[in-house]
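Have a look at the structure below before the remarks.
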Amino acid sequence: GYRVSLQGNFFGCNYTYITFPEYNPRNHIKLDPPLNIQSNVTASKCQIWWSVPWYLTEILQYELQYKEYSMSWEAALNKTVPSSLPQIEIEATELHRGVAYIARVRCKVSEDEDSYHSQWSEWSQTTVFQREGEPKLSENMLNNRTMQFLFIPLIFGTLLYIFWNCKISSRYVKGQKGSPALTFPHQLLSFSHSTIFTMGILR
């Protein structure tokens, strides 16, 4: 180790102050922050990775901090990286759809390392990522919904048409011999045929 002292002249007298009687540089390290932080979002997770000097990879530990882009860092969430690998994954369920997030990372010598000790580095540069918005409907679901919206007005129009024809037919039959009861089953049969034909098209 080393002894660190401070010397000065005060009012014509020389003084020496022992700042650190025994100083070991290995125990007072502050690393540079990680570099080149990047991110990639998939349907199930967000992957974040960064770079550090290759000779430090096995002795470092990391802490990730992320938040919604519009929030302050005081409200950020912290994650300890579970291994010495310069990467981490965030489950998609932890992210809101359509919301932009920003993340940064810092490093220090691992607590398991006996030869060196350090404090946390400064935070790295940031990376911005966003989970996709609402999931897109499948093509079949879109087709089914489209057919439903088309089918309902078609049925309503058909019923209105039958009602109007029945009303006109009843007026016409009143002036002629015969029972108007024969007209309604004929209209109902026509409606059944048109409905079956329409359902066949929708399928």
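These numbers come from the heavy atoms of this one structure, side chains and all, not from hydrogens, waters or symmetry mates.
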Any chain of hydrophobic side-chain contacts (each under 4.5 Å) joining Leu64 to Leu77? yes
Return yes if some donor-acceptor pair links the side-chain N/O of Ser124 with the main-chain N/O of Arg106 below 3.5 Å, else return no. no
Is a side-chain N or O of Gln61 found less than 3.5 angstrom from the main chain of Glu111, in a donor-acceptor match? yes
Could you grab the distance from atom CD1 of Ile37 to atom CD of Gln125, nearest 0.5 Å is fine? 9.5 Å
Side-chain heavy atoms nearer than 4.5 Å, only ILVMFWY residues, links allowed to pass through others: does that put Leu56 and Trp50 together? yes
Across all chains, not counting sequence neighbours, the side chain to side chain contact (heavy atoms under 4.5 Å, CB included) partners of His96 are Glu68, Val99, Tyr101
Please check if Ile29 and Trp54 belong to a single hydrophobic cluster, counting links between Ile, Leu, Val, Met, Phe, Trp and Tyr side chain heavy atoms closer than 4.5 Å. yes
Once you round to the nearest 0.5 Å, how far does CD of Gln87 lie from OG of Ser51? 11.0 Å
Nearest heavy-atom neighbours spanning Phe129 and Ala103: CE2-CB, 3.7 Å
Could you tell me if the side chain of Leu60 sits less than 4.5 Å from the side chain of Val52, heavy atoms only? yes
Minimum heavy-atom separation for Leu95 and Tyr66, please, with both atom names. CD2-CE1, 4.1 Å
Under a 4.0 Å N-O cut-off, is there an ion pair linking Glu94 with Lys79? yes
Does atom CG of Asp114 have more than 12 heavy-atom neighbours from other groups under 6.0 Å away? no
Is the shortest side-chain N to carboxylate O distance from Glu91 to Lys45 below 4.0 Å? no
Roughly how far apart are His117 NE2 and Ser110 OG, rounded to 0.5 Å? 10.0 Å
Contact summary for Thr126 and Trp73, nearest pair of heavy atoms: CG2-CZ2, 4.0 Å
Are Val41 and Ile88 connected in the hydrophobic side-chain network, where two residues link if heavy atoms are under 4.5 Å apart? yes
With a 4.5 Å cut-off on side-chain heavy atoms, are Val128 and Tyr69 touching? yes
Is the closest basic N to carboxylate O distance between Lys108 and Glu63 below 4.0 Å? no
On a heavy-atom basis, the closest approach of Lys67 and Ser72 is CD-O, 3.3 Å
Stepwise side-chain contact (heavy atoms from CB on, under 4.5 Å) test for Leu31 and Trp120: CA-CA 7 Å; Leu31 300 168; Trp120 285 110; over 6 Å; no
Using atom types as modelled and distance alone, determine if a side-chain donor or acceptor of Ser118 lies under 3.5 Å from a backbone N or O of Val109. yes
Which is it for Glu122 and Lys30 under the side-chain contact (heavy atoms from CB on, under 4.5 Å) test, yes or no, and what are the steps along the way? CA-CA 9 Å; Glu122 298 297 327; Lys30 185 173 182 179; 2.5 Å; yes
Beyond-backbone contact of Cys107 with Pro86, side-chain heavy atoms, under 4.5 angstrom: no
Is Gln38 atom CD crowded by more than 12 heavy atoms from other residues, nucleotides or ligands, each under 6.0 Å away? yes
Give the intermediate values and the outcome of side-chain contact (heavy atoms from CB on, under 4.5 Å) for residues Ile48 and Ile90. CA-CA 8 Å; Ile48 302 175; Ile90 302 175; 4.0 Å; yes
Evaluate the side-chain proximity of Trp123 to Gln65: yes if any heavy-atom separation is below 4.5 Å, no if none is. yes
Give the minimum heavy-atom separation between Ser39 and Cys46, together with the two atoms involved. CB-SG, 4.4 Å
Minimal non-hydrogen separation, Val105 against Tyr62, with atom names: CG2-CB, 4.1 Å
